[in-house]
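Heads up: the structure comes next, in structure tokens.
None of the values given here were measured: they were computed from a predicted structure. To find a chain, count down the sequence lines: A is the first, B the second, and so on, and within it residues start at 1.
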Amino acid sequence: MPFELIPVIEFLKQLNQEQYDAVVHKDGSAMVIAGAGSGKTRVLTYRVAYLLANGVDPFHILSLTFTNKAAREMKERVMNLVGDQQGRNVWMGTFHSVFARILRIEGHHLGYPSNYTIYDSDDSKRLIRNIIKEKDLDNKAYSPSYVAHRISMAKSNLISAEEYANNPDLLSADDSAKKPLIKDIYLTYSNRLKKADAMDFDDLLFNTYVLFRDFPKVLYKYQQKFRYVLVDEYQDTNHAQYLILNKLAALNENICVVGDDAQSIYAFRGAHIGNILNFKHDYPDFKLFKLEQNYRSTKRIVSAANKVIANNKDQIHKTVWTDNDEGNLIGYIKATSDNEEGAMVANSIFETKMNQQLPNIAFAVLYRTNAQSRSIEEALRKLNIPYRIFSGLSFYSRKEIKDLLAYIRLTINHNDEDALLRTINMPARGIGKTTMEKVVIAADAYNVSLWEVLNTPIRFHVKINSGTAAKLEAFATMIKSFAVELKKKDAFEVAQHIATSSGLLRLYREEDTPEGISRVENIEELLNAIKEFVVKGAEQNEGDMEYQGSLDEFMQDVALLTDADKDDEDKDKVSLMSIHAAKGLEFPHVFIVGLEENLFPSIQSISTRTELEEERRLFYVALTRAQEKVTLSHAESRYRWGQFTITEPSRFLEEIDEKLIDKPKRANIRLPQSRQTMPQKRPDKNFKPIEYAGAVNSAGKKEENFVPSDTAALQTGMRVEHPKFGKGKVIAVEGQGPNKKATVFFTGIGNKSLLLRFARLRILS
DNA sequence: TCCGATCTATTTTTT
DNA sequence: ATAGATCGGA
């Protein structure tokens with residue numbers, strides 16, 4: 001017996017009948033349709049524990065999730081159930097990270113080295129942008145994001161560049177969209193990735209599929225290895241993922257998928273709800289389990305969510321119910337502006353926290369778009385409420401981080417084109433645009449990587465003068481010297497060496513501006529993370545001779561990391577995140593902000609029913625994150641892309657039963673307990689944002705009572721104050737009308753050029 | 001090639 | 001509002 005069976009039996013008692021049945025259904029295919037909050041993660045983790053308890057070797061279990069966070073959480077929970085030793089050996093990870101790992105081992109069958117680079121969407125967009133430029137295409141018709149999306153859709157449907165170029169449907173669609181050359185961009189893009197020994201996110205799936213399709217022996221090896229396959233969030237799988245799972249499970253058919261069609265929110269990137277329906281065709285003997293009891297939320301929340309989702313036509317019937325208390329009414333906040341919305345949300349958090357003595361982690365603010373975090377952040381900061389933003393990629397997509405990572409990538413994989421282009425003149429080394437253009441053209445002509453041309457420019461007939469040649473050689477020599485270090489030292493030492501010798505750190509140090517300082521800090525933070533990786537890895541792998549703590553190990557899936565994966569010592573913070581990022585999480589108190597037409601539902605998604613239904617599922621996901629209380633909020637006006645916009649309340653607000661919502665009232669901060677209810681029309685004059693802002697603030701900082709002046713008469717020499725930059729002196733005023741702007745010298749910050757249309761300035765003298 | 005000034009796209013969601 | 005790309009002059 002691998003470990004004590006007793007605890008598992010004990011744990012099994014905690015399950016309800018359906019959960020229990022799903023957990024102990026050991027062999028054969030199974031689908032678990034799990035309503036929100038019905039304990040699906042629990043079923044998955046217990047199932048893994050149950051398999052282990054029944055003598056299944058941990059090496060034979062594969063468990064796939066969509067986010068690293070979900071994978072990590074599951075791993076922790078499993079380790080708690082069955083002990084670290086067993087738990088660690090189960091393959092648990094995201095589709096992308098697991099397949100990336102398989103491709104490191106097997107990629108040679110497809111002509112990839114094991115140190116291939118993973119391009120994140122930023123990198124691939126850069127590459128696409130370059131190709132568009134090289135082909136001299138109109139970058140209005142061919143916007144990189146559009147092309148990237150198009151290629152991504154093709155890849156997730158397993159359509160290669162060659163197949164794309166021969167597919168009449170796709171071609172005519174592109175023709176009528178007046179973008180007939182997408183096929184050429186796709187072809188070039190694929191070639192360039194291959195030449196750079198790089199894969200983008202979609203390639204990780206695409207190539208895994210090709211590997212399994214074309215190399216039956218390899219497929220057989222993994223079928224043997226993964227005798228039990230578990231999949232979380234099955235409703236979000238795309239076609240490529242579906243077929244890979246199909247192949248993997250074909251031998252043993254021990255596949256257990258868990259999902260909820262009502263929570264499918266990734267159709268926009270190719271997820272296919274139909275995969276749930278296909279399941280019964282592929283595995284006719286499958287067992288279906290439905291988890292309908294919600295353990296997470298109050299009756300009112302469950303009922304509101306059910307009512308909302310009932311408006312969707314496309315759904316699998318199920319009845320989510322709960323035994324929990326009736327609970328609070330759903331809160332409602334109506335603000336005049338986005339800033340006021342932030343202040344009211346922050347204030348409500350502050351009050352609830354004080355009244356009920358709750359920690360910050362009890363609260364989450366969810367929004368449709370990441371850009372909405374700003375006003376919330378500002379408001380929380382004013383009230384000294386600590387918060388953490390879980391926004392996609394912000395840390396890893398910072399320029400300085402990308403730069404350092406690019407040096408490391410280039411050191412590991414010299415063929416990495418994006419890394420080379422990014423680093424070669426950063427800091428400036430006198431290798432400019434002209435030279436690199438010649439190199440790119442030569443690389444293209446001889447079908448080799450940029451690195452090869454760089455090393456022996458003469459061989460590829462690049463016409464450059466000796467000075468430039470020397471510069472290129474110096475750069476190549478430097479990268480080669482880094483590569484030598486790589487073999488000798490641990491990850492931290494090499495990374496630090498690279499940061500210093502490349503001149504990157506010096507460059508930012510010399511900047512001596514607040515931005516420069518924060519860049520240096522970010523680089524140091526990355527170096528710390530690498531250090532931690534070395535230390536932690538060494539501890540965990542004690543006695544494991546395989547583990548070197550080397551930099552390539554660190555880099556292996558750094559491209560797959562997001563901000564949410566950084567650890568944070570101080571955990572007690574309010575969470576700010578997009579609804580997409582909140583999937584799978586729960587919080588006692590949830591604020592859903594920006595419930596306005598054209599924002600949520602998004603303006604891009606209101607034209608078709610299916611898109612609108614996806615937005616509604618998103619709203620459903622948001623509502624069902626809450627355990628105790630949901631508060632909905634919207635603002636009557638909002639700045640969007642620098643424009644002041646008047647907004648309409650979201651249609652979703654009307655889809656909730658009025659009886660469940662706290663009477664629409666203006667949250668008067670001065671009279672927080674007031675029964676006063678406000679009309680739903682215009683706010684009365686007492687509720688100017690400024691007055692309000694003054695009332696909420698507690699700390700007595702400058703920003704609180706900030707009243708911007710009319711800057712029409714602003715003149716050179718005037719002393720002004722800015723809420724963020726502090727006091728300063730106007731150096732110059734230029735431009736006319738809406739483009740009028742001022743250059744202001746702020747003490748301790750330096751010159752800032754501000755558009756008066758936007759800048760909030762107070763004239764002091 | 002470098003530097004500063006000017007223009008522009010960005011905002012949907014993520015691995 | 002802002003970062004990044006682009007342009008033009010030195």
For DNA chain B, what residues of residues 263-273 of chain A have any heavy atom nearer than 4.0 Å?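 Within residues 263-273 of chain A, the residues near DNA chain B are A/Tyr266, A/Phe268, A/Arg269.
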Looking at A/Arg640 and A/Asp338, is there a salt bridge between them, counting it only when a charged N and a carboxylate O are closer than 4.0 Å?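 The answer is no: the pair does not qualify as a salt bridge.
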Decide, yes or no, whether a salt bridge links A/Lys40 with A/Asp260 under the criterion of side-chain N to carboxylate O below 4.0 Å.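 A salt bridge is absent here (no side-chain N lies under 4.0 Å from a carboxylate O).
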Considering only side-chain heavy atoms of A/Phe201, which listed nucleotide, B/dT15, B/dT14, C/dT6, is closest?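 Side chain of A/Phe201 sits closest to B/dT15.
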Given B/dT15, B/dT10, C/dG4, identify the nucleotide with an atom nearest to the side chain of A/Arg519.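 Nearest to the side-chain atoms of A/Arg519, counting from C-beta on, is C/dG4.
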For atom CG of A/Asp123 and atom P of B/dT15, their distance in whole Å: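 Going from A/Asp123 (CG) to B/dT15 (P), I get 15 Å.
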Would you kindly give the CG-to-P distance between A/Asn130 and C/dT6, to the nearest whole Å?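 Distance, rounded to whole Å: 9 Å.
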For A/Ser145 and A/His580, find the nucleotide of DNA chain B closest to each by heavy atoms; which residue's nucleotide sits nearer the 5' end?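 Taking each residue's closest nucleotide, the earlier one in sequence belongs to A/Ser145.
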Residues two or more places apart in sequence or in another chain: which of them pass side-chain hydrogen bond (donor to acceptor under 3.5 Å, both in side chains) with A/Arg616?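 Scan of A/Arg616 (side-chain hydrogen bond (donor to acceptor under 3.5 Å, both in side chains), adjacent residues dropped) gives A/Asn312, A/Glu655.
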Strictly under 3.5 Å: I want the nitrogen or oxygen pairs between protein and nucleotides 1-3 of chain B, one per line.
residue: B/dT1; atom: OP1; partner: A/Thr435; partner atom: OG1; Å: 2.8
residue: B/dT1; atom: OP2; partner: A/Thr434; partner atom: OG1; Å: 2.7
residue: B/dC2; atom: OP1; partner: A/Gly430; partner atom: N; Å: 3.1

Pair A/Asp403-A/Tyr508, side-chain donor/acceptor within less than 3.5 Å: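 Side chains of A/Asp403 and A/Tyr508: pair found under 3.5 Å.
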Assign each of A/Lys399 and A/Arg374 to its nearest nucleotide of DNA chain C by heavy atoms, then name whichever residue's nucleotide is nearer the 5' end.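 Nearest nucleotide further toward 5': that of A/Arg374.
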